[in-house]
Amino acid sequence: MTRAMGAAMRRIHVGNALSAFGLGFTVPYLYVYVAQVRGLGAMTAGLVLAVFAVAALVVLPFAGRAIVRRGPLPVLLAALVTAAVGALSLGLASSAAAVLVSASLLGAGQAVMQPALATMIVDCSSAETRSRAFAMQFFLQNLGLGVGGLIGGHLVDTTSAASFTLLFAIEAAMFLLLVVVMTTVRMPHAPRIGDAPVAAGRGSWQQLLGNRAMVQLCVLGFVLFFACYGQFESGLSAYGVEAAGISTSALGTALAANTLMIVVAQFAVLRFVERRRRSRVIAVVGLIWAVAWAVAGYAGLGHGSQEMATAAFVSTYALFGLGEAMLSPTIAPLVADLAPEGMAGQYNSAFALVKQLALAVGPAVGGPLGASLHAPYIVAFLVFSLGITVLAVRLGRQLTDVQDQPWVAKSRVVARGGAPVSADV
């Protein structure tokens, strides 16, 4: 990594931390704010949460093409300004229409930030350093969300709309501060791995869909997000309360255990996964999550003591965190390394779209199952987790050696006696 790439990467990581910190202020309290503080009811609050997903699904197909044509930095700046306007107007909105419009702006800006920042990380890293860069991004995002949620919880007062206005104003300020930080970034051009195909033209969904490995990765990604992130605050929490008798405080402890596992284990796990095949790492994550679902089954169906059920439920979230820590340096770099030269923005946006679809479908399917059909819920998602392992093994057969083992490119250069500055040898 050159000095210019390192300087740009540091600013990008600061940006990831700031955006996560701002989101942490408001996301945990959005439902309460709309339904109770503004007095707009549970239905409007549910619509607001749905608007976030819909806005993302609308803008992401266009975001990839914009990143390819304009570059990730201008697209990121536009997304940040849009999100800042949405956050500030949401804090001031008092009618249902104003809340929904504001939420759509915030959701759209928030959705576009993800592929734009991911593409900037790709452009500021090499194949050898990319896994560590994405691991750092995931670490800072979780740390920022946790710290933001903790501070926001002390500032918020459900009897005062002004306290929520302050929270949303702080969130908007974080986005605008990030605009200032990002305008100082000078984007270098990073070398790409040699096995990525050359794009025949500008950003094209048809070209992407013709990449069999990328299509398989998108299917795998959908199952990953559907079976994990799509269940955290819906099906799994409903199952914990209804089947395992978990208290709300214990549920909070479980969520904290998930974040703590990621923060503590991220870089220890990174050393483990860096020299292993990406497809096999993902396959192992599927097995870990299958164990997590089995532990959750014991918590709700094992007829043990309440203390044992609570401990098992907290352990479930911790095991999910371990799997997430293994995925962060694996999935995002693989998306980048499958993309042809200049197409990283399109591929990152496509994968973000798959993630949003999974996060929209996951709660809708898992919520009712987790709340009422306890045993089928556990069995179904245990099978989904094992399916992750099967899909990962199949994906590995579509990947080249360099895509599945990025350190191979560097090893080949060294073996030939050259300086390991590029994989394109």
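These figures come from a predicted structure and were not determined experimentally.
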Participant: Taking all heavy atoms of Ser94 and all of Leu40, pick out the closest pair and write down the distance.
Facilitator: O-CD2, 3.7 Å
Participant: Looking at side-chain heavy atoms only, is the closest gap between Leu177 and Leu18 below 4.5 Å?
Facilitator: yes
Participant: Could you check whether any side-chain N or O of Arg276 sits under 3.5 Å from a backbone N or O of Phe272, counting only pairs where one atom can act as donor and the other as acceptor?
Facilitator: yes
Participant: Hey, does Leu287 have a side-chain heavy atom less than 4.5 Å from the side chain of Leu386?
Facilitator: yes
Participant: Using the rule given for side chain to side chain contact (heavy atoms under 4.5 Å, CB included), can you reason through Leu399 versus Leu338, listing the C-alpha separation, both sets of side-chain angles and the distance that settles it, and then say yes or no?
Facilitator: CA-CA 9 Å; Leu399 302 177; Leu338 286 173; 3.8 Å; yes
Participant: Evaluate the side chain to side chain contact (heavy atoms under 4.5 Å, CB included) criterion for residues Ile282 and Ile331: first the C-alpha distance (whole Å), next the side-chain angles of each, then the deciding distance (0.1 Å), finally the verdict.
Facilitator: CA-CA 8 Å; Ile282 301 170; Ile331 289 287; 3.5 Å; yes
Participant: Which value, rounded to the nearest 0.5 Å, describes the distance between Asn211 atom CG and Gln216 atom CD?
Facilitator: 10.0 Å
Participant: Is there a side chain to side chain contact (heavy atoms under 4.5 Å, CB included) between Ser89 and Val101 once you walk through the steps?
Facilitator: CA-CA 9 Å; Ser89 59; Val101 171; over 6 Å; no
Participant: Hey, are the side chains of Met113 and Phe175 touching, using non-hydrogen atoms and a 4.5 Å cut-off?
Facilitator: yes
Participant: Assess, by modelled atom type and distance only, whether the side chains of Glu242 and Ser372 contain a donor and an acceptor separated by less than 3.5 Å.
Facilitator: no
Participant: Tell me the closest heavy-atom pair linking Ala312 and Ala299, and the distance in Å.
Facilitator: CB-CB, 3.8 Å
Participant: I'd like to know if the side chain of Arg70 and the backbone of Val75 have a donor-acceptor N/O pair within less than 3.5 Å.
Facilitator: no
Participant: Do Pro61 and Leu353 come within less than 4.5 Å of each other through their side chains, counting heavy atoms only?
Facilitator: yes
Participant: Side-chain contact test, heavy atoms from C-beta onward, threshold under 4.5 Å: evaluate it for Pro340 versus Tyr347 and give yes or no.
Facilitator: yes
Participant: Tell me whether the centres of the aromatic rings in Tyr33 and Phe168 are closer together than 6.0 Å.
Facilitator: yes
Participant: Please confirm whether Tyr239 and Trp293 have ring centers closer than 6.0 angstrom.
Facilitator: no
Participant: Would you say the side-chain atoms of Gln266 pair up with the backbone N or O of Met326, donor to acceptor, closer than 3.5 Å?
Facilitator: no
Participant: Please round to the nearest 0.5 Å and tell me the distance separating atom OG1 of Thr389 and atom CZ of Arg394.
Facilitator: 13.5 Å
Participant: So Gln231 and Phe320, do their side chains get closer than 4.5 Å, heavy atoms only?
Facilitator: no
Participant: Does Phe62 have more than 12 heavy atoms from other residues, nucleotides or ligands lying within 6.0 Å of its CZ?
Facilitator: no
Participant: Can you check whether Gln346's main-chain N or O pairs, donor with acceptor, with Ser349's side chain at less than 3.5 Å?
Facilitator: no
Participant: Classify the ring geometry between Phe351 and Phe225 as parallel (under 30°), tilted (30 to 60°) or perpendicular (over 60°).
Facilitator: perpendicular
Participant: Kindly determine whether Lys355 and Gln114 satisfy side chain to side chain contact (heavy atoms under 4.5 Å, CB included), including the steps that lead there.
Facilitator: CA-CA 11 Å; Lys355 178 180 179 179; Gln114 299 176 35; 4.0 Å; yes
Participant: Please confirm whether the backbone N or O of Gly41 pairs with a side-chain atom of Thr44, one donor and one acceptor, at under 3.5 Å?
Facilitator: no
Participant: Side chain of Glu171, backbone of Ala87: donor and acceptor closer than 3.5 Å?
Facilitator: no
Participant: Mind listing the closest non-hydrogen atom pair of Val59 and Ala111 along with its distance?
Facilitator: CG2-CB, 4.3 Å
Participant: Quick check against the 3.5 Å criterion: does Tyr377 have a side-chain atom that pairs as donor or acceptor with the backbone of Leu236?
Facilitator: yes
Participant: Is the backbone N or O of Ala256 less than 3.5 Å from a side-chain atom of Thr259, with the two atoms forming a donor-acceptor pair by type?
Facilitator: no
Participant: Describe, in one word, how the ring planes of Phe381 and Phe384 are oriented to each other, choosing from parallel (under 30°), tilted (30 to 60°) and perpendicular (over 60°).
Facilitator: tilted
Participant: Determine the minimum heavy-atom distance between Leu357 and Phe222, stating which atoms define it.
Facilitator: C-CE1, 3.9 Å
Participant: Let me confirm one number: the CG-OG1 distance from Leu73 to Thr119, rounded to the nearest 0.5 Å.
Facilitator: 11.5 Å
Participant: Which heavy atom in Ala103 sits nearest to a heavy atom in Leu90, and how many Å separate them?
Facilitator: N-CD1, 4.3 Å
Participant: Does Ser279 use its side chain to pair, donor to acceptor, with the backbone of Leu395 at less than 3.5 Å?
Facilitator: no
Participant: Rounded at 0.5 Å granularity, tell me how far CD1 in Ile12 sits from CZ in Arg10.
Facilitator: 11.0 Å
Participant: Please answer whether the main-chain N or O of Thr400 pairs with a side-chain N or O of Asp404 as donor and acceptor at a distance below 3.5 Å.
Facilitator: no
Participant: How far does NE2 of His13 sit from CE of Met120, to the nearest 0.5 angstrom?
Facilitator: 11.0 Å
Participant: Indicate yes or no: at least one non-hydrogen side-chain atom of Ser131 is less than 4.5 angstrom from one of Val273.
Facilitator: no
Participant: For Ala135 versus Ser328, what's the shortest heavy-atom pair and its separation?
Facilitator: CA-OG, 4.0 Å
Participant: Got Met261 and Tyr317 here, is their nearest side-chain heavy-atom distance under 4.5 Å?
Facilitator: no
Participant: Strictly by modelled atom types, are Asn258 and Glu324 linked by a side-chain donor-acceptor pair under 3.5 Å?
Facilitator: yes
Participant: Ring of Phe134, cation from Arg132 - is the NZ or CZ under 6.0 Å from the centre and inside 45° of the axis?
Facilitator: no
Participant: Rounded to the nearest 0.5 Å, how far does CZ of Arg11 lie from CG of Asn16?
Facilitator: 14.5 Å
Participant: Would you call Arg278 and Asp337 a salt bridge, taking side-chain N to carboxylate O under 4.0 Å as the test?
Facilitator: yes
